[in-house]
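To start, the structure itself, in structure tokens.
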Amino acid sequence: MIMYTLEELKRYCLKCKKCRLHETRTNVVFGAGNEQANIMFVGEGPGYNEDMQGVPFVGRAGQLFNRMIKAIDLTRDDIYIANIVKCRPPNNRNPLEDESQICIEYLRWQVKIIKPKIIVCLGAVASKKLIRPDLTISRERGNWVEKGDIFFMPTYHPSYLLRNVKAKKDAWEDFKKIRDKLDEIKR
Ligand code: URA
Ligand code: SF4
């Protein structure tokens with residue numbers, strides 16, 4: 001099998017027209033951060049600001065996300081972050097089944113190249129796609145699921161936390177577990 005570098009894969013993705021989302025996008029949002037990161041975060045898809053800038057998690061949810069990782073001593077340079085679909089769904093609707101099926105292949109390549117030890121799934125879309133189709137965030141958030149040699153954790157999407165401030169307490173518990181797992185891995 002041919003192995004791409006992240007840069008080659010990105011160049012390919014930026015031209016992608018494999019699903020209908022290419023018709024309405026401004027920029028493909030490939031992913032950003034440290035290519036050697038131990039930890040990857042995965043959201044669902046770009047929003048307005050991400051589409052405009054071509055960078056994941058730069059809008060209001062992204063600002064909250066930055067504060068959350070800062071609370072566990074991480075910066076955007078310590079992590080890699082991407083989405084299930086790389087082009088913005090119109091009006092921020094959830095990605096459709098065929099769109100995510102196609103686009104997730106790129107994400108799988110990114111995981112193969114970056115080789116993270118931890119993948120945090122932000123929200124239901126990423127968690128169902130990457131962990132289990134019938135997973136429920138409210139019941140299963142904060143629990144580690146080991147698959148292959150990667151530890152996956154579902155947690156709330158930062159956009160959900162903006163709307164449901166009370167859930168931040170639970171999210172903080174999840175993030176402390178993430179900190180502990182990172183420390184464990186480094187040992
Ligand atoms: N929400 C997401 O799921 N991804 C982004 O990149 C921004 C907001
Ligand atoms: Fe290609 Fe993914 Fe964009 Fe669809 S969402 S056009 S599969 S990069």
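All ligand and atom numbering here is 1-based and tracks the order in the structure.
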Handout entry: Interfacing atoms of ligand 1 (cut-off 4.0 Å, heavy-atom, H157)
Key = 1 (N), 2 (C), 3 (O)
Completion exercise
Going by the 4.0 angstrom heavy-atom rule, the piece of E50 near ligand 1 is side chain
Problem - Nearest protein heavy atom with distance in Å, relative to atom 4 (Fe) of ligand 2 - result: C19 SG, 2.3 Å
Exercise for the section: For G45 and ligand 1, answer yes if some heavy atom of the residue is under 4.0 Å from a ligand atom, otherwise no. Expected result: yes
Completion exercise
The atoms of ligand 1 lying under 4.0 Å from a heavy atom of G43, numbered in the order shown, are 3 (O)
Practice task
Please state whether the separation between atom 1 (Fe) of ligand 2 and some N/O/S atom of H22 is under 2.8 Å?
Solution key: no
Practice task
Name the closest protein heavy atom to atom 4 (N) of ligand 1, giving the residue it belongs to and the distance to 0.1 Å.
Solution key: N83 OD1, 2.7 Å
Handout entry: Check: N34 and D77 side chains under 4.5 Å, non-hydrogen atoms
Key = no
Practice task
Kindly say whether the aromatic ring centers of F41 and F57 come within a distance under 6.0 Å.
Solution key: no
Handout entry: ligand 2 versus R25: contacting region, heavy-atom distance under 4.0 Å
Key = side chain
Exercise for the section: Look only at interatomic distance and state if P56 has a nitrogen or oxygen under 3.5 Å from any nitrogen or oxygen of ligand 1. Expected result: no
Exercise for the section: Looking only at protein heavy atoms, identify the closest one to atom 2 (Fe) of ligand 2 and say how far it is in Å. Expected result: C103 SG, 2.3 Å
